Asker: 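I have a structure I would like to understand better, so I am pasting it below and will then ask my questions one at a time.
Keep in mind that what you see is a predicted model, and the values were worked out from it rather than measured.
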Amino acid sequence: MLFSIVNHYFVDGAVHVCQTMGVCDARRYTCEECVEGLEWVKAFMLDPIMVAEYTIYLEQNFCLSDWENCKEGVKEYFPAMHNMAMEKFLIPVEICNNEPVCGADPPTKPPTF
């Protein structure tokens, strides 16, 4: 389910996300902007209207017709699972602290011969 949501809303729909935030230009960013941006994305993803939209999207595009009780299960369990996962794993400061702009080591480069 997560793959379906991320792919639809954040890979295919990335322009929509940046447009709603008003920062679609590619540019260098500061550590503070990294945290602020992810806090905004988290708020966007936790907005009750968006959670309802994710739920409907999964009901219509994830559940196959022969999967018994899939739509009912998505409707009953997805919103709470989504909110729990967001609170546990989308922690802007922790994520940004893994980025060089916030002081982390840059990614390693493959060896050159």
Asker: Do the side chains of P92 and C34 get nearer than 4.5 Å, heavy atoms only?
Answerer: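 No - every pair of side-chain heavy atoms lies 4.5 Å or more apart.
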Asker: Counting neighbours of CZ on R27 that are heavy atoms of other residues, nucleotides or ligands and sit closer than 6.0 Å, is the number greater than 12?
Answerer: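 Count over threshold, so yes.
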Asker: Between E87 and L46, is a side-chain contact (heavy atoms from CB on, under 4.5 Å) present by the stated rule, with each step listed?
Answerer: CA-CA 9 Å; E87 290 300 324; L46 286 170; 3.3 Å; yes
Asker: Same cluster or not: are V93 and M86 linked, directly or through other Ile, Leu, Val, Met, Phe, Trp or Tyr residues, by side-chain heavy atoms under 4.5 angstrom apart?
Answerer: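 As far as the 4.5 Å side-chain criterion goes, M86 and V93 are not connected within one cluster.
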Asker: Same cluster for I5 and Y77 if Ile/Leu/Val/Met/Phe/Trp/Tyr side chains link at under 4.5 Å?
Answerer: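 Result: yes, single cluster for both.
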Asker: Locate the shortest heavy-atom distance separating P100 from P106; write the atom from each residue and the value.
Answerer: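 Here P100 and P106 meet closest at CG-CA, 3.6 Å.
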Asker: Just do the side-chain contact (heavy atoms from CB on, under 4.5 Å) check on V23 and W40 with the steps written out, would you?
Answerer: CA-CA 11 Å; V23 290; W40 189 92; over 6 Å; no
Asker: So, Y57 versus Y9, ring centres under 6.0 angstrom or not?
Answerer: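 Yes: the rings meet the under 6.0 Å criterion.
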Asker: If Ile, Leu, Val, Met, Phe, Trp and Tyr residues are connected whenever their side-chain heavy atoms lie under 4.5 Å apart, and connections chain through other members, are I56 and M81 in the same group?
Answerer: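 Different clusters.
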Asker: For the pair Y54 and F78, name the ring-plane relationship: parallel under 30°, tilted 30 to 60°, perpendicular over 60°.
Answerer: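 Taking F78 first and then Y54, their aromatic rings stand perpendicular (interplane angle over 60°).
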Asker: Please confirm whether the backbone N or O of E94 pairs with a side-chain atom of N98, one donor and one acceptor, at under 3.5 Å?
Answerer: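 Side chain of N98 to backbone of E94, a donor-acceptor pair under 3.5 Å: yes, one is there.
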Asker: Less than 4.0 Å between a side-chain N and a carboxylate O, is that true for E76 and K71?
Answerer: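 No, this pair does not count.
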Asker: Take M50 and M45, measure what side-chain contact (heavy atoms from CB on, under 4.5 Å) needs, and give me the verdict at the end.
Answerer: CA-CA 6 Å; M50 291 309 302; M45 291 185 73; over 6 Å; no
Asker: Please indicate whether L64 has more than 12 foreign heavy atoms, meaning atoms of other residues, nucleotides or ligands, lying under 6.0 Å from its CG.
Answerer: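 Correct, the count exceeds 12.
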Asker: What about V35 and V41, same hydrophobic cluster or not, with Ile/Leu/Val/Met/Phe/Trp/Tyr joined at side-chain heavy-atom distances under 4.5 Å?
Answerer: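 Different clusters.
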Asker: If you look at every heavy atom in V74 and T55, which pair is closest and at what distance?
Answerer: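 Smallest interatomic distance, heavy atoms only, reads CG1-O, 3.8 Å.
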Asker: Could you tell me whether the side chain of L58 reaches within less than 4.5 Å of the side chain of C63, counting heavy atoms only?
Answerer: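 C63 does not reach L58 side chain to side chain.
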Asker: So that I can confirm a possible disulfide, could you see if the SG-SG distance for C102 and C31 falls below 2.5 Å?
Answerer: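 Yes, C102 links to C31 through a disulfide.
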Asker: Taking a hydrophobic cluster as the set of Ile, Leu, Val, Met, Phe, Trp and Tyr residues connected by side-chain heavy atoms closer than 4.5 Å, whether directly or through intermediates, do M21 and V17 fall within one such cluster?
Answerer: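 Same cluster.
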Asker: Is it the case that over 12 heavy atoms from other parts of the model lie below 6.0 angstrom from the NZ atom of K75?
Answerer: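 Open.
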Asker: So, do N61 and H8 sit near enough that their side-chain heavy atoms are less than 4.5 Å apart?
Answerer: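 No, every pair of side-chain atoms sits at 4.5 Å or beyond.
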Asker: For the CD atom of E39 and the CG atom of L90, what is their distance to the nearest 0.5 Å?
Answerer: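 So the gap between those two atoms works out to 10.0 Å.
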Asker: Without swapping roles, check the side chain of E36 against the backbone of E33 for a donor-acceptor pair under 3.5 Å.
Answerer: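 Pair absent, no side-chain N/O of E36 close to backbone of E33.
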